[in-house]
Amino acid sequence: MIQKWTKTLSTILLVSFFASCADKKEDNNVLLAGLLFLAANQIKVNTASDLVNESADDYNQNNWGLITPQTLARFVTNWPANKPNHITGNLIILQTDVANKANGGGEAWNPYVKSDPDKGVFVYRLDDYKPASLPSGGFRFNQTRDSGLFSNSVRYQANGEFVDDWLNTFGINPTKDLIVFAVGTGNFGANSDVPIPNLAPAPGTAAGGVQDITRGVYWLRYWGVDIKHLAILNGNLRSNFAQIYTTQTSTTRSTLPGKGNFSVKSIRVDNTIITSGLEDIYEIAKNNLEAQIPGLTTKQFLIDARPTPQWSGTASGRLDDDSGTTTAGANPNGNRTAITTSYQHQGGPDAAGKKYIPFEGRIKGSTSFPWLALFEGFSDAGTVSTSDADAFAIGYRYKAKSALKTIFANKGYTAGATVVSQCRTNFEAQVNGFAALNILGYPSTYYDGSLVEWTALVAGHGTTSINQVPSDFKWRTDISSVSSNLWYNVSNLIVRPDINLTATTTKKFIQEDKAYK
């Protein structure tokens, strides 16, 4: 094992030191120092390829990753007898919400999977975790942090103190237990148990719970948890479990235990490669998806998980600056639309009071890959196959593995490329990234800052006060070498994050997390 650590670290050190550009000397020194620290502490540093997990063709055969309601029922019925051989601890089920809040909350089935503490089965709500520093809107595994370039504005992976506190609040030991994330009914505005009045909610909202649970897996993997201790339920509980396995449901959930004392510091694994910084994405875009990024394969497949109209710029919304001034050329009608809201002002483009990013467009080389396309009840273009009600009745299950493989191939994926997922805030992208990494077994990473970060590095806006970087700034993004189809939003709609113009890295938070180990 020590030899494997040494070999892995030596390879990464050599690649990172010799293959990096000369003008990034400071970044190389930071990376080198971090890797040497990990080597001294005998921490195995994984590459993107090391983290792949391919599902069985029949999802019923999976005991981790993507599991079916049938498998969950088998676990809950008799956990001691049916737990996977590698699991020595408890079954921890974490629901986003209740399973019976549709139709005005009048549905007859029970809201929770049945717990059985005597047999090691515990069921909680994600919102049972309520620390004093809880981010607005509920804790969904991210935190406003300092990337070196951005501070106090963009959310990235939540830090080591959060992950330890989160695990200990639920009494989880991720080296022994199996953690199963499940959507109850789905997200509807605030992530709460407020009943919804009908059976035809908008899919982009209702299916948002899948973004939450796949991000949970992503966060824990980032912190070193083995995929064999993590799972999500395929499809929501409402349509796929509560009405079918009625004896394995309950009106109540488990009571939180006393705080544990586990720390991810004891997991001597570094999986931070799963999160990419802006500087990585910049190199990928600039080098036409063939960037030399330590830990990634030499070819990348960059996907944009937003709905295609947002990627293409045809979505309706507020009007942009009618000056017709863009680095990509004048808008033919001076009449484009604001699409992408900032982190501080999430919501639809027509919502009152919403604020937007400085410029719209997409990262150069990205492929439109709408996240809803991966679910049953939706076309491969991401539109509802029949009706919103039918899609809701299915409960947002991933399509069959063979169908997912075909979608990726039709989008242009080639064997061996690293899938790089991004969207607006790295939530929609979680659905695509989970499918790539944990169903199809493709090397994958995620751009945590996504477009709310990318679109802030502006120098060419017609309103001078909007510009935050000089025209020759090394990570300027409103230029055709790294962005496509770009245009500027109107000045009175824009929110600007804090930017450090002297930054030497965009991955400060990742280096802090490496040191936490």
- Is the shortest distance from a Lys or Arg side-chain nitrogen in D448 or R215 to a carboxylate oxygen in the other one below 4.0 Å? yes

- Query: Is the side chain of N82 donor-acceptor paired with the backbone N or O of N78 at a distance under 3.5 Å, no angle test?
  - Reply: yes

- Task: Please state whether the rings of W166 and F181 are parallel, tilted or perpendicular, taking 30° and 60° as the class boundaries.
- Result: parallel

- Query: Is S450 reaching over with its side chain to a backbone N or O of Q422, donor-acceptor style, under 3.5 angstrom?
  - Reply: no

- Is the CG atom of N261 crowded by more than 12 outside heavy atoms at less than 6.0 Å? no

- Task: Give a yes or no on whether the backbone of T297 and the side-chain of Q300 come within a donor-acceptor separation of less than 3.5 Å.
- Result: yes

- Message: I'd like to check the ring-ring contact (aromatic ring centres under 6.0 Å, His included) partners of W64; sequence neighbours left out, ordered by chain and number.
- Response: H86

- Task: Establish, yes or no, whether a centroid distance under 6.0 Å links the rings of F408 and F369.
- Result: yes

- Query: Does the side chain of L302 come within less than 4.5 Å of L289's, by heavy atoms?
  - Reply: yes

- Which of parallel (below 30°), tilted (30 to 60°) and perpendicular (above 60°) describes Y245 and F241? tilted

- Message: Evaluate K44 against D50 for side-chain contact (heavy atoms from CB on, under 4.5 Å), listing each step before the verdict.
- Response: CA-CA 11 Å; K44 182 181 183 296; D50 292 331; 3.9 Å; yes

- Message: Angle between ring planes, Y129 versus F139, binned at 30° and 60°: parallel, tilted or perpendicular?
- Response: perpendicular

- Could you tell me whether the side chain of L167 reaches within less than 4.5 Å of the side chain of V264, counting heavy atoms only? yes

- Any chance you could measure N271, atom CG, to L51, atom CG, to the nearest 0.5 Å? 4.5 Å

- Query: Quick one: are the ring centres of F427 and W371 less than 6.0 Å apart?
  - Reply: no

- Taking C-beta and beyond as the side chain, do F170 and N90 meet within less than 4.5 Å on heavy atoms? no

- Using a 4.5 Å cut-off on heavy atoms from C-beta on, say whether the side chain of W109 contacts that of R238. yes

- Item | Single hit among D97, L237, V98, T252 for side-chain contact (heavy atoms from CB on, under 4.5 Å) with P111 | V98

- Item | Residues Y112, R253; criterion side-chain hydrogen bond (donor to acceptor under 3.5 Å, both in side chains); working and verdict | CA-CA 6 Å; Y112 298 106; R253 61 186 188 274; 2.7 Å; yes

- Query: About how many Å separate CG of L66 and CD1 of I439, when rounded to the nearest 0.5 Å?
  - Reply: 4.5 Å

- Donor-acceptor under 3.5 Å (W311 side chain, R362 main chain): no

- Salt bridge or not for D127 and R125, using N-O below 4.0 Å? yes

- Query: Does the T249 side chain pair with the main chain of T246, one donor and one acceptor, at a distance under 3.5 Å?
  - Reply: yes

- Criterion side-chain contact (heavy atoms from CB on, under 4.5 Å) against F141, the qualifying member of L126, V217, I213: L126

- Query: Between T169 and L256, is there a donor-acceptor pair closer than 3.5 Å when you use the side chain of the first and the backbone of the second?
  - Reply: no

- OG of S444 to CD1 of I273, rounded to nearest 0.5 Å, is 11.5 Å

- Message: Whether the side chain of N53 engages the backbone of N438 through a donor-acceptor N/O pair (distance < 3.5 Å, no angle test) should be reported.
- Response: yes

- Query: Crowded around K259 NZ? As in, over 12 foreign heavy atoms under 6.0 Å?
  - Reply: yes

- Could you give the distance from OG (S385) to CG (L372), rounded to the nearest 0.5 Å? 10.5 Å

- Is it true that a side-chain atom of K401 and a backbone atom of S55 form a donor plus acceptor pair closer than 3.5 Å? yes

- Considering residues at least two apart in sequence or located in another chain, which fulfil the salt bridge (charged side-chain N to carboxylate O under 4.0 Å, His left out) criterion with D304? R306

- Message: With a 4.5 Å cut-off on side-chain heavy atoms, are D513 and R145 touching?
- Response: yes

- To the nearest 0.5 Å, what is the distance between CD1 (I172) and CZ (F262)? 10.0 Å

- Side-chain ion pair, D164 and K265, N-O less than 4.0 Å: no

- Task: Determine, stepwise, if the pair N426 / Y156 fulfils side-chain contact (heavy atoms from CB on, under 4.5 Å).
- Result: CA-CA 9 Å; N426 199 24; Y156 306 100; over 6 Å; no

- Any chance you could lay out the side-chain hydrogen bond (donor to acceptor under 3.5 Å, both in side chains) test for K299 and T414, step after step, and finish with the verdict? CA-CA 9 Å; K299 291 187 177 181; T414 56; 5.9 Å; no

- Carefully, step by step, assess T367 and Y413 under the rule side-chain contact (heavy atoms from CB on, under 4.5 Å). CA-CA 10 Å; T367 296; Y413 180 78; over 6 Å; no

- Task: First locate atom OG1 of T298, then atom CG of N287, and finally report the distance between them rounded to the nearest 0.5 Å.
- Result: 12.0 Å

- Message: Less than 4.5 Å apart, side chain to side chain, heavy atoms only: is that true for R221 and L230?
- Response: yes

- Anything under 30° is parallel, anything over 60° is perpendicular, the rest tilted; go ahead and classify Y218 against Y222. tilted

- Would R397 and T68 satisfy side-chain contact (heavy atoms from CB on, under 4.5 Å), going step by step from the backbone distance to the final call? CA-CA 9 Å; R397 294 191 302 262; T68 62; over 6 Å; no

- Message: So N62 and T71, do their side chains get closer than 4.5 Å, heavy atoms only?
- Response: no

- May I ask you to decide if A305's main-chain N or O and R424's side chain share a donor-acceptor pair within less than 3.5 Å? no

- May I ask you to say whether D380 pairs ionically with K411, meaning some side-chain N is under 4.0 Å from a carboxylate O? no

- Would you find a donor on one side and an acceptor on the other, under 3.5 Å apart, between the side chain of S115 and the backbone of P117? no

- Task: Answer yes or no: is there a side-chain heavy-atom contact under 4.5 Å between L437 and I274?
- Result: yes

